[in-house]
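Worksheet: the structure to be examined is printed underneath.
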Amino acid sequence: MTTEDNAEALTFVKNTPNVRALVDAFDRTANDLEFYFNQCRDSYDYRRNIWPGKSDDLRKHGADAFPWDGAADTETHIINERINRYVAIFMSALARANIRAYPVEMGDLGRARTVSAFLKWMVASYIPQFRRQMELGANYLLERGLVVTYVGWQREDRTFKQTLNLDQLMAISPDLVKMILEKENDDKLILLLQQQFNNIPEKKAKRILNDLRKTGNAEFPVVRRSVDRPLVQVVAPDGDVLFPAYATDPQRVPYCFWRVLMTAQELRNKISTEGWDKDWVEYVIENCKEAGDPLRIERRNQFAYTTVTYDASELFEVVYGYQRLIDEEDNSEGIYCTVFHRQVFGNVNVPDHAKFELLNGYEDYPFVVTKLSEDNKRLYDIQSVPELLKGIQWQVKTERDSRTDRNSLATLPPIMHPVGNAPSDWGPGRYIPYRRAGEFQFGPTPVYNPGSVEMERTQLEQADKILGLDINNPLAGIQQQYFVDKFLTHVRDVLRLAYKCYQRFGPDQVFFRVTGVSDPQRFNKGDPNENFDIIINYDVMSNDPDNMEAQLKQFAAMLQLDKNGRINVDMLIELGAASINPVMADAILRSANEATDQITKQVTDDLSKIYAGIEVGARPNGAQIALQVIQSYVQQPDVSQRLQADQAFQARLQKYIQQYSMMIMQAQNAQIGRIGTAPASVGQIITQGANSND
């Protein structure tokens with residue numbers, strides 16, 4: 001196939017994909033990315049303190065050992081320690097972050113809060129192992145400089161063996177049981193069994209029929225919908241997903257590839273769940289078993305790090321080839337997916353691919369890609385944390401090795417003795433024979449060098465400054481916020497795409513439960529074209545309790561200056577509670593409408609008791625709403641009439657009102673203390689400060 005044919009196959013959509021062209025593109029991409037794979041292998045080794053010649057006893061051995069055989073060869077986890085610290089910060093930020101959906105159009109305003117709750121439920125339950133996947137992504141982002149997350153929809157019908165008797169079959173199909181008992185028209189009966197139970201083979205249908213007639217029960221393959229949910233999977237950027245090496249925007253490249261290792265069971269399950277070609281699946285299972293690690297089919301495609309060889313013949317490499325193809329008739333774009341194997345093409349008896357489909361409704365590839373630093377426009381030109389700190393780690397290792405070796409010499413210096421008269425033994429309490437004093441003596445030892453400790457301390461401080469972990473640096477918080485925002489931006493984009501997948505492929509309604517609400521909520525996926533701005537906010541200074549307390553006090557103090565009601569007190573309470581404990585905040589906080597309804601219900605219950613002769617006290621909050629309810633209550637003719645006639649009822653109600661009035665007065669004390677008198681007002685309207693130009 002010529003280069004021109006390959007280019008055309010990778011540009012325009014055809015009735016069937018050109019798998020040979022895809023395999024060639026895959027091999028070229030893998031070859032071009034060898035520089036990045038090598039960089040990731042080095043980063044893997046730097047983080048885990050793997051180097052050539054490393055021994056289990058952490059000592060240098062062999063002819064090239066320096067300064068001597070058995071010298072110190074210590075591990076220094078400078079890189080790993082700082083990556084782990086940032087991973088912990090990222091996961092804490094994800095756990096405490098405020099996830100909100102803001103409407104883009106006015107028509108979505110009322111639905112935004114429900115969508116926010118739904119997104120929180122997606123993170124907590126709906127997306128399987130979401131936090132585990134994000135933790136893996138955090139490690140990839142820091143160690144390899146790149147995190148790639150696949151977002152799709154997983155729907156699988158799985159078949160399970162289940163023994164059913166005639167009574168149970170009666171509930172499924174009464175006509176079927178009737179025909180079995182009549183023992184007539186077996187051909188039609190077998191056809192019904194096949195239709196009812198997922199097209200089971202005729203031979204198996206006959207065996208089931210015989211078992212039912214003999215024993216009254218039989219084993220049936222029962223199909224159950226086991227999975228119907230979003231699929232979020234972080235993939236290795238240096239082997240699982242491959243973009244062209246020249247990529248600057250991963251969503252604008254003509255093709256990309258996702259390598260997946262599957263078992264034979266998973267391959268066969270794809271026939272029924274995703275419509276894969278049966279002949280292709282069986283051919284791959286029979287002819288494409290790899291002896292050893294399937295990641296090492298060719299040297300240039302070696303994506304593994306270690307040299308350990310293992311038997312992985314149960315796994316089969318499947319490649320999803322995603323292409324942005326153009327229709328030659330109308331020049332419209334589409335995202336197409338081809339499922340293929342790199343060794344299966346050009347066989348006249350077997351199709352080249354398992355499946356070829358247009359990803360209907362997709363405008364981009366189903367991947368979210370984030371770089372650690374946008375210091376170069378090319379996707380794979382990156383600087384990871386190991387790349388930044390590898391020099392410092394080697395320098396610290398050198399200093400520690402030298403101090404260990406010096407301590408070894410100080411503990412047991414070289415022993416000087418006459419030539420040919422070496423001591424047979426040496427140690428505490430040993431008997432060492434000699435002819436004259438001074439025959440045996442210790443050699444000189446190196447002088448203690450305090451500069452080595454100072455050098456190491458300087459290197460560690462430099463490592464912390466590079467990553468913004470230096471507690472004495474006033475700009476460290478800004479650097480930490482930068483990295484946290486990188487991670488949370490990736491999480492936000494993953495959630496946005498997962499929500500879009502739910503709108504396209506999910507059920508019309510789902511029931512979900514969130515913390516603090518006893519009854520499950522029903523969520524309709526709504527208009528697939530609706531759009532929300534998903535925001536995930538987290539301030540790294542939230543880790544400092546003193547700082548958060550000071551910020552909340554400052555906002556509370558600003559309420560005294562809020563003459564126009566610009567501060568949303570409900571939102572301030574919500575954010576303050578979330579900063580204290582987000583889990584408890586979700587459990588105890590209600591929406592404004594729910595709070596109003598709850599206070600109204602509580603006050604009306606109290607008024608009923610007061611009317612019945614039972615004295616009750618005011619509720620601890622919601623005084624303003626309570627007085628409005630009471631004002632409406634006393635205006636009713638029968639209540640007004642009884643207040644005039646019943647002094648005891650009037651006293652109970654008046655005491656209840658006074659308690660709420662006292663709450664409001666206490667809330668105004670701060671303003672009264674500031675201006676010296678009660679705020680100026682006309683009736684119920686506060687006019688204090690109305691003539692101010694501030």
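The figures that follow rest on heavy atoms only: side chains count, while hydrogens, waters and symmetry mates do not. Predicted model only: the values in this text are computed from it and were never measured.
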Query raised in the report: Is there a side-chain contact between Arg268 and Lys278, using heavy atoms and a 4.5 Å cut-off?
Result: no

Query raised in the report: Is Phe483 close to Ile89 at the side-chain level, that is, under 4.5 Å between some pair of heavy atoms?
Result: no

Report summary line: When rounded to the nearest 0.5 Å, the distance separating CG of Leu242 from CZ of Phe37 is 5.0 Å

Requested in this report: Start with the C-alpha gap between Val151 and Lys500, add the side-chain angles, then the distance that decides, and say whether side chain to side chain contact (heavy atoms under 4.5 Å, CB included) holds.
Outcome: CA-CA 10 Å; Val151 183; Lys500 286 295 183 183; over 6 Å; no

Report task. Grab the two heavy atoms, one from Leu267 and one from Val318, that are nearest each other, plus how far apart they are. Result -> CD2-CG2, 3.7 Å

Query raised in the report: Nearest heavy-atom pair of Ala93 and Val484: which atoms, and what distance?
Result: CB-CG1, 3.9 Å

Query raised in the report: Side chains of Asn31 and Arg28: donor-acceptor distance under 3.5 Å anywhere?
Result: no

**Report entry** Within 6.0 Å of CD in Glu357, more than 12 heavy atoms from elsewhere
**Finding:** yes

Query - Donor-acceptor contact below 3.5 Å, side chain Lys54 vs main chain Glu75 - result: no

Query raised in the report: With a cut-off of 6.0 Å (strictly less than), are more than 12 heavy atoms of other residues, nucleotides or ligands near CG of Asp375?
Result: yes

Report task. Please examine the side chains of Gln383 and Leu372, heavy atoms only from C-beta on, and report whether any two atoms are closer than 4.5 Å. Result -> no

Query raised in the report: With a 4.0 Å cut-off, would you call Glu81 and Arg85 a salt bridge?
Result: yes

Report task. Kindly state whether the ring of Tyr283 and the ring of Trp280 have centres lying under 6.0 angstrom apart. Result -> no

**Report entry** Distance in Å, Ile382 CD1 paired with Ser43 OG, rounded so as to fall on 0.5 Å steps
**Finding:** 7.5 Å

Query raised in the report: Closest heavy-atom contact between Pro366 and Tyr322?
Result: CG-CE2, 3.9 Å

Query - Side-chain touch His490/Leu488, heavy atoms, less than 4.5 angstrom - result: no

Report summary line: Contacts of Arg252 meeting side chain to side chain contact (heavy atoms under 4.5 Å, CB included) (sequence neighbours excluded), chain-then-number -> Asp249, Arg324, Glu333, Asp364

Query raised in the report: Residues two or more places apart in sequence or in another chain: which of them pass side chain to side chain donor-acceptor pair (under 3.5 Å) with Thr29?
Result: none

Report task. State, without any angle test, whether His353 and Asp277 hold a side-chain donor-acceptor pair at a distance under 3.5 Å. Result -> no

Query raised in the report: With a 4.5 Å limit on heavy-atom distance, are the side chains of Ile392 and Gln462 in contact?
Result: yes

Query - Nearest atoms (heavy-atom pairs only) where Asp32 meets Ala245 - result: CB-CB, 3.7 Å

Query raised in the report: Going by heavy atoms in the side chains, are Arg48 and Ile79 under 4.5 Å from each other?
Result: no

**Report entry** Closest approach of Gln323 to Tyr365 (non-hydrogen atoms, all atoms of both residues)
**Finding:** C-OH, 3.7 Å

Query - Crowding at CD, Glu329 (>12 non-hydrogen neighbours, <6.0 Å) - result: no

Query - Interatomic spacing from CG in Asp238 to CG in Asp240 - rounded to 0.5 Å - result: 8.0 Å

Query raised in the report: Does CG in Asn15 sit with more than 12 non-hydrogen atoms of other residues, nucleotides or ligands closer than 6.0 Å?
Result: no

Query raised in the report: Would you say the side-chain atoms of Asn269 pair up with the backbone N or O of Gln265, donor to acceptor, closer than 3.5 Å?
Result: no

Report task. Show your reasoning for whether side chain to side chain contact (heavy atoms under 4.5 Å, CB included) applies to Tyr362 and Cys501. Result -> CA-CA 9 Å; Tyr362 277 87; Cys501 286; 3.4 Å; yes

**Report entry** Worked verdict on Val281 versus Lys270 for side chain to side chain contact (heavy atoms under 4.5 Å, CB included)
**Finding:** CA-CA 9 Å; Val281 169; Lys270 295 294 185 181; 5.7 Å; no

Report summary line: Taken to the nearest 0.5 Å, the spacing of Gln154 CD from Asp228 CG works out to 9.5 Å

Requested in this report: Would you check if the side chain of Asn49 reaches a backbone N or O of Thr76 as a donor-acceptor pair within less than 3.5 Å?
Outcome: yes

**Report entry** Test item: Arg47 and Asn139 side chains (from C-beta on) under 4.5 Å apart, heavy atoms
**Finding:** yes

Query raised in the report: Are more than 12 heavy atoms from other residues, nucleotides or ligands located less than 6.0 Å from atom NZ of Lys465?
Result: no

Report task. Please say which of Phe345, Phe257, Phe243 ends up in a ring-ring contact (aromatic ring centres under 6.0 Å, His included) with Phe26. Result -> Phe257

Query - Ala476 versus Asp470, closest heavy-atom pair with distance - result: CB-O, 3.2 Å

**Report entry** Any Glu143 side-chain heavy atom under 4.5 Å of Tyr46 side chain
**Finding:** no

**Report entry** NZ/NE/NH1/NH2 to OD/OE distance under 4.0 Å, Glu274 and Arg155
**Finding:** no

Report summary line: Value for CG (Leu467) from CD (Gln479), rounded to nearest 0.5 Å, stands at 8.0 Å

Query raised in the report: Looking at the rings of Tyr86 and Phe90, which for Trp means the six-membered one, are their centres under 6.0 Å apart?
Result: yes

Query raised in the report: Which distance, rounded to the nearest 0.5 Å, do you find between the CG of Asp485 and the CD1 of Ile478?
Result: 11.5 Å

Query raised in the report: Any sub-3.5 Å donor-acceptor pair from Gln133's side-chain atoms to Val234's backbone N or O?
Result: yes

Query raised in the report: Run the side chain to side chain contact (heavy atoms under 4.5 Å, CB included) check on Glu266 and Phe316 step by step: do they pass?
Result: CA-CA 10 Å; Glu266 290 175 320; Phe316 302 87; over 6 Å; no

Query raised in the report: How are the rings of Tyr336 and Phe356 set relative to one another: parallel (under 30°), tilted (30 to 60°) or perpendicular (over 60°)?
Result: parallel

